[in-house]
Asker: 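Sharing a structure, written as structure tokens. Questions coming.
Basis for what follows: all heavy atoms, side chains included, without hydrogens, waters or symmetry-related copies.
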Amino acid sequence: MGLDGKVVVVTGGTRGVGAGVTRAFAEAGAQVVICARRPPEVTLPGVEFRPLDLRDPAAVRDFFAALPRLDVLVNNAGGTPYRRLTDADAERHARVIELNLVAPLTASLAAYEHLERSRGSVVMIGSVSGGRPSPGSAAYGAAKAGLENLARSMAVEWAPRVRVNTLVVGMVRTELSHLHYGGEEGIASVSRTVPLGRLAEPSDIGAAAVFLASDAAAYISGASLHVHGGGERPAFLDAATANKEA
């Protein structure tokens, strides 16, 4: 699944999942440009950083207009702090939706002409939060649900020249995992709820993104690929007192 010579933009590609995606594309031979508000702590060969606030539409349009070519856009930038709905006003929650849904739409529209010329593709980094209740991150879950639907509509409107797909990502072990799951004991406990027995590594997400962007996925568009280790074990199985394994 080599991507030699392809130009790839990864938004928010400086840390966490984004860094894993960036590394995977660079190792596949692509020329990678990452954009975020702050530069990465560690730079990779063949990767160029450009500062960009993805919530500034004019700056986003200028960024893509300055690129000589683009083959793949990975809309990765996003995230949210833990915040229950009644702990903030609607305007604060709207900022989460802006970053996780409106910014990918803005970037995709700004990149469209490049991608149309190169017969390229868009990879959205979605989340399992978009398909289940997400207490403490409700606005984030709503945005990710919208992102997956947006990708399906894009895939139809932009076919046949531009493919658009979504990676529906489960729990990932990053440098910020302790904020969500606690220390090593908490991470180990959460890992046991995943059928495959561990959290994803950023490299797992990167490998899936490279696949969707490659010729191996040439007939895949409008799809949602779940990268979640088998999902979540239904809670009722552990609560029930019948049919327990020895």
Side-chain angles (χ1 to χ4, degrees), residues 10-21 34-38 52-60 73-111 122-155 164-182 186-187 190 193-194 199-200 202 205 208-209 222-229 231-232 235:
V10 181
T11 68
T14 57
R15 65 180 185 178
V17 169
V21 171
I34 57 176
C35 54
R37 288 184 296 173
R38 291 180 292 274
L52 179 65
D53 183 349
L54 287 152
R55 288 179 289 196
D56 182 342
V60 170
L73 168 62
V74 181
N75 280 308
N76 164 79
T80 184
Y82 180 87
R83 181 182 295 129
R84 298 184 71 86
L85 282 169
T86 54
D87 290 341
D89 55 27
E91 290 82 357
R92 181 69 64 86
H93 293 301
R95 293 180 62 187
V96 174
I97 295 173
E98 180 184 15
L99 176 61
N100 291 278
L101 177 57
V102 179
L105 172 59
T106 302
S108 298
L109 289 172
V122 178
V123 179
M124 303 290 196
I125 303 298
S127 170
V128 294
S129 295
R132 57 157 170 73
S134 298
S137 58
Y140 174 80
K144 290 299 188 180
L147 185 68
E148 192 172 351
N149 187 273
L150 174 65
R152 292 194 191 107
S153 296
M154 278 185 179
V164 186
N165 293 292
T166 303
L167 288 180
V168 182
V169 176
M171 296 178 289
V172 185
R173 180 161 189 160
T174 71
E175 61 269 30
L176 300 179
S177 292
H178 65 283
L179 298 178
H180 300 283
Y181 315 123
I187 291 172
V190 171
T193 71
V194 180
L199 304 187
I205 314 307
S224 297
L225 175 60
H226 287 71
V227 187
H228 59 9
E232 299 174 344

Asker: Can you name the residues that form a side chain to side chain contact (heavy atoms under 4.5 Å, CB included) with Thr193, not counting sequence neighbours?
Answerer: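 Thr193: side chain to side chain contact (heavy atoms under 4.5 Å, CB included) contacts with Met171, Val190.
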Asker: Of Val17, Val123, Val74, Val21, which meets side-chain contact (heavy atoms from CB on, under 4.5 Å) against Leu167?
Answerer: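 Among Val17, Val123, Val74, Val21, the one meeting side-chain contact (heavy atoms from CB on, under 4.5 Å) with Leu167 is Val123.
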Asker: With sequence neighbours excluded, tell me which residues meet side chain to side chain contact (heavy atoms under 4.5 Å, CB included) with Ala107.
Answerer: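 If we apply the side chain to side chain contact (heavy atoms under 4.5 Å, CB included) test to Ala107, skipping adjacent residues, the hits are Val60, Phe64, Leu73, Asn75.
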Asker: Could you give the distance from CG (Asn149) to CE (Met124), rounded to the nearest 0.5 Å?
Answerer: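 Rounded to the nearest 0.5 Å, the CG-CE separation comes out at 10.5 Å.
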Asker: Main chain of Val96, side chain of Asn100: is a donor-acceptor contact present, judged purely on distance under 3.5 Å?
Answerer: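 At least one qualifying donor-acceptor pair exists.
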Asker: How close do Pro202 and Thr174 get, counting heavy atoms only, and between which atoms?
Answerer: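 That closest heavy-atom pairing would be CG-CG2, 4.3 Å.
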Asker: Taking it one step at a time, do Val169 and Ile125 satisfy side-chain contact (heavy atoms from CB on, under 4.5 Å)?
Answerer: CA-CA 7 Å; Val169 176; Ile125 303 298; 4.0 Å; yes
Asker: Sub-3.5 Å donor-acceptor pair from the side chain of Ser129 to the main-chain atoms of Ser134, do we have one?
Answerer: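 Checking the backbone N and O of Ser134 against the side chain of Ser129, no donor-acceptor pair under 3.5 Å is found.
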Asker: Provide the closest heavy-atom pair for Ser224 versus Val168 in the form atom of the first, atom of the second, distance.
Answerer: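 Minimum heavy-atom contact is CB-CG2, 3.9 Å.
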Asker: Who pairs with His93 by ring pair (Phe, Tyr, Trp, His ring centres under 6.0 Å), at least two apart in sequence or on another chain?
Answerer: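 Testing His93 for ring pair (Phe, Tyr, Trp, His ring centres under 6.0 Å), a comparison that skips the adjacent residues, returns none.
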Asker: For the residue pair Gly130 and Ala145, what are the closest heavy atoms and their distance?
Answerer: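 Scanning both residues completely, I find the closest heavy atoms to be O-CB, 3.3 Å.
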Asker: Does any non-hydrogen side-chain atom of Leu225 lie less than 4.5 Å from one of Asn165?
Answerer: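 A side-chain contact under 4.5 Å is absent here.
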Asker: How would you list, by chain and number, every residue that makes a side chain to side chain donor-acceptor pair (under 3.5 Å) with Thr106, sequence neighbours excluded?
Answerer: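 Partners of Thr106 under the side chain to side chain donor-acceptor pair (under 3.5 Å) test: none.
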Asker: I'd like to check the side chain to side chain donor-acceptor pair (under 3.5 Å) partners of Ser137; sequence neighbours left out, ordered by chain and number.
Answerer: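 Ser137 satisfies side chain to side chain donor-acceptor pair (under 3.5 Å) with no other residue.
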Asker: Ala208 and Val227: which non-hydrogen atoms are nearest, and at how many Å?
Answerer: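 Nearest heavy atoms, Ala208 then Val227: CB-CG2, 3.9 Å.
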Asker: Is atom CZ of Arg173 surrounded by more than 12 heavy atoms (other residues, nucleotides or ligands) closer than 6.0 Å?
Answerer: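 Counting neighbours around CZ of Arg173, 12 or fewer heavy atoms of other residues, nucleotides or ligands fall under 6.0 Å, so no.
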Asker: Find the distance between CD1 (Ile205) and NE2 (His228) and round it off to the nearest 0.5 Å.
Answerer: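 NE2 of His228 is found 11.0 Å from CD1 of Ile205.
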Asker: What pairs meet the salt bridge (Lys or Arg N to Asp or Glu O under 4.0 Å) rule with one or both residues in residues 127-154, with sequence neighbours excluded?
Answerer: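 Residue pairs with at least one partner in residues 127-154: Arg132-Glu232, Glu148-Arg152.
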Asker: Kindly write out the residues that satisfy side chain to side chain contact (heavy atoms under 4.5 Å, CB included) with Ala58, not counting sequence neighbours, or none if the list is empty.
Answerer: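 By the side chain to side chain contact (heavy atoms under 4.5 Å, CB included) rule, Ala58 matches Asp56, Arg61.
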Asker: Taking all heavy atoms of Thr166 and all of Ala151, pick out the closest pair and write down the distance.
Answerer: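 Minimum heavy-atom separation between Thr166 and Ala151: OG1-CB, 3.2 Å.
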Asker: Enter the distance from Leu109:CG to Met154:CE here, rounded to the nearest 0.5 Å.
Answerer: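 Here the interatomic distance stands at 5.5 Å.
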Asker: Identify the two heavy atoms, one from Ile97 and one from Ala139, that lie closest to each other, and give their separation to 0.1 Å.
Answerer: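 For Ile97 and Ala139, the tightest heavy-atom pair comes out as CG1-O, 3.7 Å.
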Asker: I'd like to check the side chain to side chain contact (heavy atoms under 4.5 Å, CB included) partners of Ala142; sequence neighbours left out, ordered by chain and number.
Answerer: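 With sequence neighbours excluded, Ala142 shows a side chain to side chain contact (heavy atoms under 4.5 Å, CB included) to no residue whatsoever.
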Asker: Does Asn76 have any side chain to side chain donor-acceptor pair (under 3.5 Å) partners at least two apart in sequence or in another chain, and if so, which?
Answerer: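 By the side chain to side chain donor-acceptor pair (under 3.5 Å) rule, Asn76 matches no residue at all.
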Asker: Return the set of residues passing side chain to side chain donor-acceptor pair (under 3.5 Å) with Arg84 (not counting sequence neighbours), or none when no residue passes.
Answerer: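 Applying side chain to side chain donor-acceptor pair (under 3.5 Å) to Arg84 gives Tyr82.
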